[in-house]
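Okay, structure first, notes after.
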Amino acid sequence: MAVLSKLALAASLALCGVSAAGIPQQQHPLTAPSSSSSSSSHSSSHETASDYSSLPLIDTEALQDSISVDALFKRAEKFYKFAQTSEEDYGHPTRVIGSTGHERTLNYIVNTLLDQGDYYSISTQEFPVTLSNVFESQLVLGNDVSKSAVPMGLTPATKDREPVHGHLVLVKNNGCDASDYPQNVKGNIAFIRRGECAFGDKSIGAGKAGAKAAVIYNTEPEELHGTLGEPTEYHVATFGIDGTEGKKVADELASGESVSAIAYIDAEVKKIQTVNVLAQTDQGDQDNCVMLGGHSDGVAEGPGINDDGSGSMSVLEVAVQLTKFKVNNCVRFAWWAAEEEGLLGSDFYAASLSEEENQKIRLFMDYDMMASPNFAYQIYNATNAESPAGSEELRNLYVDWYKSKGLNYTFIPFDGRSDYDGFIRAGIPAGGIATGAEAVKTKEEAEMFGGRAGEWLDPCYHQLCDDLNNLNRTAWEVNTKLIAHSVATYALSFDGFPKRELDTEMNAYGKTMKYHGPKLIL
Ligand SMILES: *[C@@H]1O[C@H](CO)[C@@H](O)[C@H](O)[C@H]1NC(C)=O
Ligand SMILES: *[C@@H]1O[C@H](CO)[C@@H](O)[C@H](O)[C@H]1NC(C)=O
Ligand SMILES: *[C@@H]1O[C@H](CO)[C@@H](O)[C@H](O)[C@H]1NC(C)=O
Ligand SMILES: [Zn+2]
């Protein structure tokens with residue numbers, strides 16, 4: 001699960017110029033190793049159909065019974081080992097995008113799917129992600145080292161990755177217009193107030209005016225963590241500082257005092273290619289698919305075993321167990337990359353669907369964080385009034401299942417914090433379940449689910465301790481069975497489930513890009 005951004009605004013992320021990518025098979029198809037028993041290709045659909053006729057028809061109880069928490073834990077141990085391969089580069093285990101831990105995770109998912117013979121058509125969808133690493137930084141304002149300075153996300157380094165010196169020059173208004181930048185910004189350090197336009201625009205404005213670096217100060221007392229967005233040649237090294245330091249310096253400059261500064265950022269911005277992994281059943285109605293997914297990546301701070309090792313492993317285990325069955329409707333599995341960078345993989349996928357391909361997806365089910373140690377059984381409160389028709393039927397499927405097991409559940413906001421977001425905006429019904437991140441467990445929730453009131457639902461959310469000890473076995477097993485139930489239900493039939501609608505308002509809404517990253521942009 002990604003951090004909720006306070007603002008959702010139009011921004012140019014790495015998602016430019018998406019071409020019409022349609023069915024997964026047309027992307028980068030992967031085939032089973034030739035050592036597998038079936039030497040024939042997928043070319044004969046008749047032959048394929050007869051292969052499946054001997055399998056029993058999908059049955060929810062049978063699929064749920066095939067889920068064992070021990071099998072899930074064996075996968076978790078592998079995920080943790082993958083995370084450890086990043087130790088050399090990151091100093092600790094992580095499966096963050098761009099790390100060997102993430103690469104190993106992707107290979108494992110693909111190889112596990114390939115092991116299922118020709119049950120699935122497997123493909124990858126490549127997309128670019130821009131990453132930045134800040135190795136070292138410091139900002140000196142006058143005689144004092146700034147206590148609140150934070151380099152902006154995706155900031156370039158200072159020249160030659162060395163400290164630069166200059167006078168702080170107060171920029172007029174909010175620094176959103178070229179005329180706001182006085183002549184003497186050239187060769188000095190621009191001092192800019194937050195507001196009105198994106199941080200990235202201010203950094204570009206400072207760069208075009210010839211500044212060596214830029215400092216953006218908050219208008220609130222808090223620290224200013226933000227991102228500059230997609231890099232350009234005009235961006236300069238940019239810090240955010242809090243409102244307390246900001247006001248002090250701004251007042252000094254406004255009264256005509258001269259304040260010198262030293263800015264230093266040693267950083268690297270790089271563009272990498274990563275992939276979404278997709279697997280679709282060869283059998284079943286190919287025009288009516290139930291789709292589900294989890295995210296393959298984690299944050300840099302830790303191994304990401306609950307977030308979202310748990311969900312991506314649950315989805316993988318269900319994909320493996322499903323191969324014992326015949327299905328009526330196609331089932332499409334996804335493992336999204338770069339969720340933690342702002343839902344990039346799922347956004348890229350949903351935005352790149354042609355109208356025809358879009359219509360084939362009857363619904364998308366999101367499985368992110370299935371086993372939080374201090375869990376609650378959470379269902380996204382998706383309604384047909386606010387989301388594409390069918391979202392509420394899916395919500396009710398989860399409700400009915402928990403009720404049938406005598407388990408409690410809570411509704412949580414369907415607010416765009418995970419990979420369902422791109423689907424909703426593309427007009428596709430969606431929903432999902434979760435077990436909680438940094439929300440504090442209430443007394444009522446402790447009565448409903450056990451666990452400890454007053455503590456985070458996942459006390460290790462986005463931290464180093466999101467490891468093998470950060471999984472609740474009960475929650476993981478229960479929720480993976482529910483995932484199996486959701487797949488089995490729609491793989492059998494869409495009876496009573498709303499048909500896809502063309503040209504809904506949601507479709508129009510889905511065409512506007514929003515920013516969902518973990519950082520502020522304005
Ligand atoms: C669920 O969403 C509906 C529609 O937005 C709202 O009326 C209802 O209060 C929500 N329920 C909960 C428990 O949040
Ligand atoms: C459900 O919650 C109630 C309190 O609201 C509690 O008494 C009950 O034991 C809970 N059920 C389960 C199965 O935990
Ligand atoms: C998982 O949660 C259940 C219910 O709160 C609890 O009884 C159990 O001890 C937990 N298990 C672990 C390994 O934390
Ligand atoms: Zn997540």
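This structure is a prediction, so every number in the text was calculated from the model and none was measured. We count ligands from 1, going down the list as the structure has it; atoms in each ligand are counted the same way.
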- Shortest protein heavy-atom distance from atom 5 (O) of ligand 1, along with the residue and atom involved: Glu386 OE2, 3.3 Å

- Message: Closer than 4.0 Å to some heavy atom of Gly406 - which atoms of ligand 2 meet that?
- Response: 13 (C)

- Message: Counting non-hydrogen protein atoms only, what is the nearest one to atom 2 (O) of ligand 1? Give residue, atom name and distance.
- Response: Asn381 ND2, 2.4 Å

- Atom OH of Tyr377 and atom OH of Tyr398: how far apart are they, to the nearest 0.5 Å? 15.0 Å

- Determine, stepwise, if the pair Asn374 / Asp458 fulfils side-chain hydrogen bond (donor to acceptor under 3.5 Å, both in side chains). CA-CA 6 Å; Asn374 197 25; Asp458 178 353; over 6 Å; no

- Message: Between Tyr490 and Phe497, is the ring centroid distance below 6.0 Å?
- Response: yes

- By number and element, which atoms of ligand 1 are closer than 4.0 Å to a non-hydrogen atom of Phe411? 13 (C)

- Item | Where ligand 1 meets Thr383 - atom numbers and elements under 4.0 angstrom, heavy-atom basis | 2 (O), 3 (C), 4 (C)

- Task: Return the residue, atom name and 0.1 Å-rounded distance of the protein heavy atom closest to atom 12 (C) of ligand 2.
- Result: Asn408 ND2, 3.5 Å

- Between Trp476 and Phe73, does the ring centre distance come in under 6.0 Å? yes

- Message: Does any part of the side chain of Tyr119, heavy atoms only, come nearer than 4.5 Å to the side chain of Leu113, both counted from C-beta?
- Response: no

- Message: Which option wins on minimum heavy-atom distance to atom 9 (O) of ligand 2: Lys405, Glu447, Glu445?
- Response: Glu447

- If only atom types and distance count, is the side chain of Ser493 paired as donor or acceptor with the main-chain N or O of Asp495 below 3.5 Å? yes

- Query: Hey, is atom 14 (O) of ligand 1 touched by any protein heavy atom at less than 4.0 Å?
  - Reply: yes

